[in-house]
Colleague: 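Sharing a structure here in structure tokens format.
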Amino acid sequence: TLVFDHVDDQRFVAGAWFEVVAAQALKNVDKIRDLYLSVEIAKSTQRSTAKTYQELDVMAMLLQKLILIECKTVNWENKKTSASDAVYKLSALGQIGGLNTLACFISLYDLPASAKTRAAENNVHVICGKNILQMTQQLKKWLN
């Protein structure tokens, strides 16, 4: 059992480190600007007084395009949460930026085929499994 003095330390060990790795890889792409980690988005609902709050791991601008990246360190074989659901969440958040939004799902472990299909259907780029070893090159190829 690990005990942490600060919740931020616990969050970092639990997976935020992977967001830092993804952000660092994105920094190496030409013309990336306004790079942010752990962005909270408030989205209005159909009820006038209600909002939903979603967290996005990495957000940046590339020229006039909004780049959204969701990072997961989950081993999908042993997880109750579906990788397809996580891809769908990213796809839905991608609508906030309109047509100039590009979404990428980065997973430490390989995704099930169903999640890869959902990503392809929703125009979400995927970097997963062993491909994360070339994350910077994968991001450059995707964004150029």
Side-chain angles (χ1 to χ4, degrees), residues 1-62 65-98 100-143:
T1 302
L2 294 174
V3 178
F4 296 94
D5 291 333
H6 302 301
V7 70
D8 290 338
D9 297 338
Q10 180 182 7
R11 185 180 172 282
F12 187 80
V13 170
W17 64 270
F18 197 49
E19 298 168 19
V20 173
V21 170
Q24 189 61 44
L26 190 59
K27 271 186 182 179
N28 292 319
V29 175
D30 290 338
K31 300 181 181 157
I32 285 291
R33 61 183 171 81
D34 303 327
L35 181 64
Y36 296 96
L37 281 87
S38 299
V39 177
E40 188 174 275
I41 298 170
K43 194 174 177 186
S44 297
T45 65
Q46 292 180 357
R47 295 182 312 185
S48 60
T49 59
K51 288 187 179 187
T52 60
Y53 294 90
Q54 297 288 334
E55 188 263 341
L56 192 63
D57 295 330
V58 181
M59 181 185 280
M61 293 296 295
L62 174 67
K65 294 191 185 295
L66 177 64
I67 309 300
L68 306 178
I69 298 178
E70 184 72 13
C71 302
K72 295 292 182 192
T73 57
V74 174
N75 184 346
W76 300 106
E77 291 179 9
N78 304 324
K79 190 68 176 167
K80 293 177 185 174
T81 306
S82 158
S84 292
D85 290 345
V87 169
Y88 181 74
K89 173 197 159 195
L90 177 60
S91 174
L93 286 174
Q95 296 173 6
I96 64 168
N100 280 338
T101 302
L102 299 173
C104 183
F105 190 83
I106 303 176
S107 175
L108 183 61
Y109 293 91
D110 198 17
L111 295 180
S114 59
K116 290 178 183 177
T117 299
R118 176 167 271 181
E121 290 171 349
N122 288 282
N123 204 26
V124 173
H125 183 72
V126 172
I127 302 172
C128 63
K130 292 181 181 178
N131 286 330
I132 66 163
L133 297 173
Q134 292 86 31
M135 190 183 305
T136 299
Q137 295 85 347
Q138 295 274 330
L139 288 168
K140 284 180 179 180
K141 183 178 175 183
W142 170 55
L143 293 169

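If you're wondering where the values come from, they're calculated on a predicted model, not measured in any experiment. The first residue in the sequence is number 1, and the count goes up from there.
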Colleague: How close do E55 and S38 get, heavy atom to heavy atom, and via which atoms?
Modeller: OE2-CA, 3.3 Å
Colleague: To check you understand the geometry: which heavy-atom pair defines the closest contact between A119 and V126, and what is its length?
Modeller: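 Of all heavy-atom pairs spanning A119 and V126, the closest is CB-CG2, 3.4 Å.
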Colleague: Would you check, one step at a time, whether the test side-chain contact (heavy atoms from CB on, under 4.5 Å) holds for F18 with L108?
Modeller: CA-CA 8 Å; F18 197 49; L108 183 61; 4.2 Å; yes
Colleague: Judged by atom type as modelled, is there a donor-acceptor pair below 3.5 Å linking the side chain of D57 to the main-chain atoms of C71?
Modeller: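 Side chain of D57 to backbone of C71: a pair is present.
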Colleague: Looking at every non-hydrogen atom in both residues, tell me the closest pair between W76 and A86 and how far apart they are.
Modeller: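 Smallest heavy-atom distance, with atoms named: CH2-CB, 4.3 Å.
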Colleague: Do L90 and L56 make a side-chain contact, defined as non-hydrogen atoms from C-beta onward lying under 4.5 Å apart?
Modeller: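 A side-chain contact exists here, since the closest heavy-atom pair is under 4.5 Å.
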Colleague: Testing the basics here: between A23 and L35, what is the closest heavy-atom pair and its distance to 0.1 Å?
Modeller: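 Of all heavy-atom pairs spanning A23 and L35, the closest is O-CD2, 3.5 Å.
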Colleague: How long is the span from the CG atom in L68 to the CD atom in Q95, to the nearest 0.5 Å?
Modeller: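 So the CG of L68 and the CD of Q95 are separated by 11.0 Å.
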Colleague: Nearest 0.5 Å, please: how far is NZ in K141 from OG1 in T136?
Modeller: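 These two atoms lie 14.5 Å from each other.
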Colleague: Quick one, D85 and R118 - any side-chain contact, counting heavy atoms below 4.5 Å?
Modeller: yes
Colleague: If you round to the nearest 0.5 Å, how far is NZ of K31 from CG of L143?
Modeller: 12.5 Å
Colleague: Tell me, do Q54 and E40 make a side-chain contact under 4.5 Å, heavy atoms counted?
Modeller: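 No, side chains not in contact.
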Colleague: Can you name the closest pair of heavy atoms from T73 and W17 and give their distance?
Modeller: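 Nearest heavy atoms, T73 then W17: CG2-CZ2, 3.9 Å.
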Colleague: To the nearest 0.5 Å, what is the distance between CE on M135 and SG on C104?
Modeller: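 Taking CE in M135 and SG in C104, the distance rounds to 8.5 Å.
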Colleague: Let me confirm one number: the OG1-CG distance from T101 to L66, rounded to the nearest 0.5 Å.
Modeller: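 The OG1 atom of T101 sits 4.5 Å away from the CG atom of L66.
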Colleague: Do W142 and L102 have side chains that get closer than 4.5 Å, going by heavy atoms?
Modeller: yes
Colleague: Keeping S91 on the side-chain end and V87 on the backbone end, is there a donor-acceptor pair under 3.5 Å?
Modeller: no
Colleague: How about F105 and K72: do any of their side-chain heavy atoms sit closer than 4.5 Å?
Modeller: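 In short, these two side chains touch, coming nearer than 4.5 Å.
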Colleague: Any salt bridge between K140 and D30, counting N to O under 4.0 Å?
Modeller: no
Colleague: Identify which one of L26, L37, V39, L93 satisfies the side-chain contact (heavy atoms from CB on, under 4.5 Å) criterion when paired with M59.
Modeller: V39
Colleague: Provide the closest heavy-atom pair for C128 versus L111 in the form atom of the first, atom of the second, distance.
Modeller: SG-N, 3.8 Å
Colleague: Could you measure the distance from the CD atom of Q138 to the CG atom of N131? Nearest 0.5 Å is fine.
Modeller: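 Between atom CD of Q138 and atom CG of N131 there are 4.5 Å.
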Colleague: Between I67 and I69, is there a side-chain heavy-atom distance shorter than 4.5 Å?
Modeller: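 Result yes, sub-4.5 Å side-chain heavy-atom pair found.
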